[in-house]
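Here is the structure we will look at.
Each residue takes its place number in the sequence, starting with 1.
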Amino acid sequence: MTLRLTEADDRLLTERAAKEHRSKHDLVVEALHVYLTERQQRFDALLAETLDEDRELLDRLAK
């Protein structure tokens, strides 16, 4: 896979990797994992909240 970054983003990533003594690859993999995990958790929470709030309406529609 190829990741194309703007010069500014590549510079920020390079600086962060140096500060943390980690590879840019490692930071990108971790950032992607965090993004995907948090996005799924937010979706699951929103779905649960919606189902809870609209339970009565959904029950009526199901009949």
Side-chain angles (χ1 to χ4, degrees):
M1 174 170 58
T2 301
L3 178 64
R4 291 181 180 88
L5 300 173
T6 64
E7 286 184 31
D9 286 342
D10 185 52
R11 185 180 65 253
L12 290 171
L13 182 59
T14 300
E15 291 169 1
R16 174 58 54 192
K19 287 179 184 177
E20 295 187 19
H21 305 288
R22 297 170 64 188
S23 70
K24 293 193 305 186
H25 171 84
D26 189 39
L27 292 178
V28 170
V29 169
E30 180 183 8
L32 180 60
H33 176 76
V34 168
Y35 170 79
L36 294 173
T37 301
E38 288 179 359
R39 187 177 180 98
Q40 185 64 50
Q41 289 171 348
R42 284 193 308 267
F43 175 81
D44 292 346
L46 180 59
L47 179 60
E49 180 182 330
T50 301
L51 291 174
D52 188 49
E53 289 176 358
D54 295 334
R55 184 169 315 281
E56 183 180 322
L57 174 61
L58 293 170
D59 287 343
R60 284 189 287 156
L61 289 171
K63 292 180 183 179

Hey, what do you get for [atom1] ([X]) to [atom2] ([Y]), rounding to the nearest 0.5 Å?
X: D59; Y: D54; atom1: CG; atom2: CG; answer: 10.5 Å
X: D52; Y: L47; atom1: CG; atom2: CG; answer: 11.0 Å
X: R42; Y: Q40; atom1: CZ; atom2: CD; answer: 10.5 Å
X: D26; Y: E30; atom1: CG; atom2: CD; answer: 6.5 Å

Problem - Common cluster, L51/L57, ILVMFWY with side-chain heavy-atom separation under 4.5 Å - result: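 No, it is not one cluster - the side chains of L51 and L57 are not joined through contacts under 4.5 Å.
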Problem - Linked, directly or transitively: L3 and L13 (ILVMFWY side chains, under 4.5 Å) - result: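 In one cluster: yes.
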Problem - Closest non-hydrogen atom pair between S23 and A17, with its separation - result: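 Of all heavy-atom pairs spanning S23 and A17, the closest is C-CB, 4.1 Å.
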Problem - Non-hydrogen side-chain atoms of F43 and R39 separated by less than 4.5 Å - result: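 F43 does not reach R39 side chain to side chain.
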Problem - Any H25 side-chain heavy atom under 4.5 Å of V29 side chain - result: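 SC-SC contact between H25 and V29 confirmed.
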Exercise for the section: List for me each residue that meets side-chain hydrogen bond (donor to acceptor under 3.5 Å, both in side chains) alongside T50, sequence neighbours excluded, and say none if there are none. Expected result: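 side-chain hydrogen bond (donor to acceptor under 3.5 Å, both in side chains) check on T50 returns nothing, list empty.
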Atom [atom1] of residue position [X] - does it have more than 12 heavy atoms of other residues, nucleotides or ligands inside 6.0 Å?
X: E56; atom1: CD; value: no
X: R16; atom1: CZ; value: no
X: E15; atom1: CD; value: yes

